[in-house]
Amino acid sequence: MLAWLRNYGFAALAFLAIVAAVFLAIRTEVPRPVPEYALQAQAIYRIEIGVSAFAGFYIVCLLFVSALNGRGISHFGRGGVELRRIIDETQPKPASSRWKRALARLRAGGKRR
């Protein structure tokens, strides 16, 4: 499942972002009178809503897929956003003490201490 998400997840999420943006653009109520920033046209207003929604969903998709690949936002600046590796996959994952105690109980025959 994780391999599928890494290979095709971003494309699927981007497609869903497009579908959601189109849905929002169609279903949005256009205020009367149409705002000046929409050039007083209903179609332009709906396009602006759709593009804004897509941009927001797309950023969320990028962050989600980056997190799946062990990357996270480390810096905002004039040059943009910097993503760095936050998970070192070469290091073994430490088992928490809770899991160690649970394994010890299982090995001891399931008795609680």
Listing request: all salt bridge (Lys or Arg N to Asp or Glu O under 4.0 Å) pairs with a residue in residues 67-82, at least two apart in sequence or in separate chains. Glu82-Arg84
Rounded distance [0.5 Å steps], CZ in Phe54 versus CD1 in Ile18: 5.0 Å
Gln42: side chain to side chain donor-acceptor pair (under 3.5 Å) partners, not counting sequence neighbours: none
Tell me whether Ile26 is reachable from Val51 by hopping between hydrophobic residues (I, L, V, M, F, W, Y) whose side-chain heavy atoms are closer than 4.5 Å. no
Smallest heavy-atom separation, Ala21 atom then Gly50 atom, equals CB-O, 3.3 Å
Tightest non-hydrogen contact, residues Cys61 and Leu13, listed as SG-CB, 3.4 Å
Under the rule for side chain to side chain contact (heavy atoms under 4.5 Å, CB included), what residues qualify as partners of Leu62, not counting sequence neighbours? Phe10, Tyr58
Sequence neighbours excluded, the answer for side chain to side chain contact (heavy atoms under 4.5 Å, CB included) partners of Phe15 is Val19
Between OG on residue Ser52 and CG on residue Leu24, distance to nearest 0.5 Å: 10.5 Å
How does the hydrophobic cluster around Tyr37 look, that is, which other residues are in it when side-chain heavy atoms under 4.5 Å mark a link? Val30, Val34, Tyr45, Ile49
Could you identify which residues cluster with Phe76, counting Ile, Leu, Val, Met, Phe, Trp and Tyr as linked when any side-chain heavy atoms lie under 4.5 Å apart, either directly or through a chain of such contacts? Ile59, Leu63, Ile73, Val81, Leu83
Which salt bridge (Lys or Arg N to Asp or Glu O under 4.0 Å) pairs, counting each pair once, include a residue from residues 16-42, with sequence neighbours left out? none
